[in-house]
Amino acid sequence: EAQVTQNPRYLITVTGKKLTVTCSQNMNHEYMSWYRQDPGLGLRQIYYSMNVEVTDKGDVPEGYKVSRKEKRNFPLILESPSPNQTSLYFCASSQGLKNEQFFGPGTRLTVL
Amino acid sequence: GEDVEQSLFLSVREGDSSVINCTYTDSSSTYLYWYKQEPGAGLQLLTYIFSNMDMKQDQRLTVLLNKKDKHLSLRIADTQTGDSAIYFCAESIDAGRRALTFGSGTRLQVQP
């Protein structure tokens with residue numbers, strides 16, 4: 001089954017404790033992206049990757065890092081989480097000009 | 001600028017038609033999308049329309065695009081309780097970054 005998976009689905013942590021949210025897709029897509037969803041703001045892009053070892057900032061990259069060492073994986077790293085990073089995070093992947101993005105199930109992060 | 005606007009809430013009775021509206025500001029959009037988000041789930045792509053089309057029909061879904069007014073709508077015929085969800089419109093404007101710009105979502109409530 002074609003899918004995008006994320007782990008963990010739920011995470012509660014404290015300010016300053018480094019964390020990683022993993023994302024994996026099995027569709028051999030070149031493009032992957034991270035979004036955060038906040039009430040009343042829709043989804044905003046954090047970082048994206050056009051292919052292995054190619055990443056770039058989206059609209060709200062501050063406080064986040066990513067890496068793309070393999071085509072299927074695109075982890076999101078928060079080196080020193082802060083409460084304003086409490087949000088619902090989605091990973092997505094796509095291929096082709098139509099840019100039909102497939103989304104993971106989401107990771108709800110709470111930073112205390 | 002990049003701005004996508006939607007009304008926040010729509011309530012309909014089962015069996016009626018639902019029309020969810022969206023306005024966007026960037027005339028360079030290439031594709032426009034409708035996504036559905038059920039509680040606790042990720043975003044599911046429902047349908048999309050290319051910017052040179054006026055209408056697209058897919059089973060119970062009809063998408064209308066008015067490029068002059070920058071207005072997009074999604075009509076769901078014979079609305080069912082399973083259609084209750086949040087619906088997001090999104091536009092793809094940056095072919096390089098492949099970011100989708102989302103509206104804040106319309107919550108559709110279907111009453112039996």
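Numbers restart at 1 for each chain; the letters A, B, ... are given by sequence-line order, proteins then strands. Computed from a predicted structure; not experimentally measured.
Under the 4.5 Å side-chain heavy-atom criterion for ILVMFWY residues, a single connected hydrophobic cluster contains both A:V60 and A:F74. Residues B:Y24 and B:M53 share a single hydrophobic cluster, defined by chaining ILVMFWY side chains whose heavy atoms lie under 4.5 Å apart. Linking Ile, Leu, Val, Met, Phe, Trp and Tyr residues whenever their side-chain heavy atoms come within less than 4.5 Å places B:L10 and B:L74 in a single cluster. Grouping the Ile, Leu, Val, Met, Phe, Trp and Tyr side chains by contacts below 4.5 angstrom, directly or via other members, places B:L32 apart from B:L64.
Only the side chain of A:Q37 comes within contact range of chain B, with at least one heavy atom under 4.5 Å from a heavy atom of that chain. Only the side chain of B:Y35 comes within contact range of chain A, with heavy atoms under 4.5 Å apart. Neither the backbone nor the side chain of A:D56 comes within contact range of chain B, judged by heavy atoms closer than 4.5 Å. Interface remark: B:Q37 contributes side-chain atoms only to the contact with chain A (heavy atom separation under 4.5 Å). B:A99 touches chain A through backbone and side chain together, each having a heavy atom under 4.5 Å away. Contacts of A:R9 with chain B are made by side-chain atoms alone, with heavy-atom separations under 4.5 Å and no backbone atom involved. Contact annotation for A:Q45: only side-chain heavy atoms (C-beta onward) come within less than 4.5 Å of a heavy atom of chain B.
Remark: B:Q59 CD is loosely packed, at most 12 non-hydrogen atoms of other residues, nucleotides or ligands lying under 6.0 Å away. The environment of CZ in A:R108 is sparse: at most 12 heavy-atom neighbours from other residues, nucleotides or ligands sit within 6.0 Å. The neighbour count for A:I12 CD1, taken as heavy atoms of other residues, nucleotides or ligands under 6.0 Å away, does not exceed 12.
With values rounded to the nearest 0.5 angstrom, B:S104 atom OG is found 11.0 Å from A:L43 atom CG. Interatomic distance, A:Q101 CD to B:Y33 OH, rounded to the nearest 0.5 Å: 7.0 Å.
Shortest non-hydrogen contact noted between B:S92 and A:N99 is OG-ND2, 3.2 Å. B:L43 approaches A:F103 most closely through the heavy-atom pair O-CB, 3.5 Å. Residues B:L100 and A:Y35 approach most closely at N-OH, 3.2 Å, considering heavy atoms.
Comparing A:G58, A:G96, A:S33 by heavy-atom pairs within less than 4.5 Å of chain B, the highest count is held by A:G96.
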